[in-house]
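In what follows, a single structure is set out as structure tokens and then discussed.
All of these numbers come straight from a predicted model, not from anything done at the bench. All chains are named by letter (A, B, ...) in the order of the sequence lines, taking the proteins before the strands, and each is independently numbered beginning at 1.
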Protein chains: 2
Amino acid sequence: MKKLRARFKLWLSTKDVEGVFGDGKWRLLKSIDAEGSLKAASESLRISYRKAWGDLKKAEDALSIALVEKQRGGNMGGRTTVTSQGKKWVKAYTRFRGDVEKAVEKAYEKHIKELVK
Amino acid sequence: MKKLRARFKLWLSTKDVEGVFGDGKWRLLKSIDAEGSLKAASESLRISYRKAWGDLKKAEDALSIALVEKQRGGNMGGRTTVTSQGKKWVKAYTRFRGDVEKAVEKAYEKHIKELVK
DNA sequence: TGTGGTTATGCAAAGCTCGACATATCGAAA
DNA sequence: TTTCGATATGTCGAGCTTTGCATAACCACA
């Protein structure tokens, strides 16, 4: 039997909107925080600026929360920074996701590993 | 703040093949077991027969396991039943997924709920 | 031995997501 | 006041997934 690994995807939804926050948007926020701009963040993650921008908008719209502060113009062209609210979300989601990841690994060991050996 | 719910997707992969078994194929096997045929199962799950058939083939090929026994012809046209191996997989995956689901819920309560209130 | 309902499978059409472009706007600094 | 690089946003096409036919093969039973 081939070796298997457990994989998962995690996200949050409202009644109306599926995927208002999840792994992708979490990575995006982290990258924005590290890079200082949406453009640099999208390039770092190798996703299109168009998608990064849309994802961010979707999250902020659905959650009604200002996750980032965006500035246009200026000598640097502009910049995007993560708000304190946004940072709270990053931290909370990081712990959330970490717990789930551990649980997936544990559950795999407990229920699947024996089956596959 | 809108009410949120945590959602997840879970699956197993080999080094070569992504998604050799997961929520969809698990549901399919359960449905086959309940319905007695691949056709009825696919209709019950409201996915195309074409996809159900392909999914099953993909899982069996990648795992090198006979999850079901298929019979063509006969007065009923044919039927598909889940093998004992397949049932083992269903049971194990059910427990696996159940544990993960509980963990997701727990982690949500612990890390996200406060944030959203 | 003909029938019916199922499995088996290829292929084209339909959907959906994401990326690539094309512009427009903005504003601090030169 | 010109410039430069980032944000803002619509649109069309590429790539991948799923559906929808269209057939063929199969076989217990009437």
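Taking R27(A) as the reference, nothing meets the salt bridge (Lys or Arg N to Asp or Glu O under 4.0 Å) condition, with sequence neighbours excluded. Legend: residues meeting salt bridge (Lys or Arg N to Asp or Glu O under 4.0 Å) with K39(B), ordered by chain and number and at least two apart, are E43(B). Taking F96(A) as the reference, Y93(A) meet the ring pair (Phe, Tyr, Trp, His ring centres under 6.0 Å) condition, with sequence neighbours excluded. Partners of K51(A) according to the side chain to side chain donor-acceptor pair (under 3.5 Å) rule, which considers only residues two or more places apart in sequence or in another chain, are D55(A). Among residues two or more places apart in sequence or in another chain, the salt bridge (Lys or Arg N to Asp or Glu O under 4.0 Å) test is passed with E69(A) by none. For the side chain to side chain donor-acceptor pair (under 3.5 Å) test, no residue two or more places apart in sequence or in another chain qualifies with K30(A).
Counting heavy atoms from C-beta outward, Y108(A) and L12(B) have side chains that approach closer than 4.5 Å. Residues V90(A) and D33(A) fail the side-chain proximity criterion, which asks for heavy atoms closer than 4.5 Å.
No chain of hydrophobic side-chain contacts below 4.5 Å, direct or via other Ile, Leu, Val, Met, Phe, Trp or Tyr residues, connects W53(B) to M76(B).
Under the 3.5 Å distance criterion, the side-chain polar atoms of T83(A) are matched with a main-chain donor or acceptor of A66(A). K25(A) places a side-chain N or O within donor-acceptor distance of the main-chain N or O of G19(A), the cut-off being under 3.5 Å. Here the side chain of E60(B) pairs a donor or acceptor atom with the backbone of L67(B) at under 3.5 angstrom.
For DNA chain D, the contact window with chain B, defined by any atom under 4.0 Å from a protein heavy atom, covers dT18(D) to dC29(D) in 5' to 3' order.
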At under 4.0 Å between heavy atoms, how does the protein contact nucleotides 25-30 of chain C? Give one character per nucleotide, 5' to 3', with B, S or -. BBBBS-
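Salt bridge annotation for D23(B)-R97(B): present, with a cationic side-chain nitrogen under 4.0 angstrom from a carboxylate oxygen.
Here CG of L4(B) is found 8.5 Å from CD1 of I112(B). Values are rounded to the nearest 0.5 Å.
K58(A) has its NZ atom 13 Å from the C1' atom of dC18(C), to the nearest Å.
Distances shown here put a side-chain N or O of K70(B) below 4.0 Å from the OP1 or OP2 atom of dA8(C).
Residue-environment remark: NZ (K88(A)) stays at or below the threshold of 12 foreign heavy atoms within 6.0 Å.
At a non-hydrogen distance threshold of 4.0 Å, nothing from residues 21-28 of chain B comes into contact with DNA chain D. Contacts with DNA chain D (heavy atom under 4.0 Å) in residues 34-50 of chain A: S37(A), L38(A), K39(A), Y49(A), R50(A), listed by number.
Using five terminal pairs a side, the axes of the helix from dT1(C)-dA30(D) to dA30(C)-dT1(D) at its two ends make an angle of 10°, given in steps of 10 degrees.
Toward the 5' end of DNA chain D, the nearer of the two residues W53(A) and G78(A), judged by each one's closest nucleotide, is G78(A).
In this structure, F21(A) has its ring center at least 6.0 angstrom away from the ring center of W26(A).
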Identify the pairs formed between an N or O of the protein and an N or O of nucleotides 12-17 of chain C at a distance under 3.5 Å, and give each distance.
none

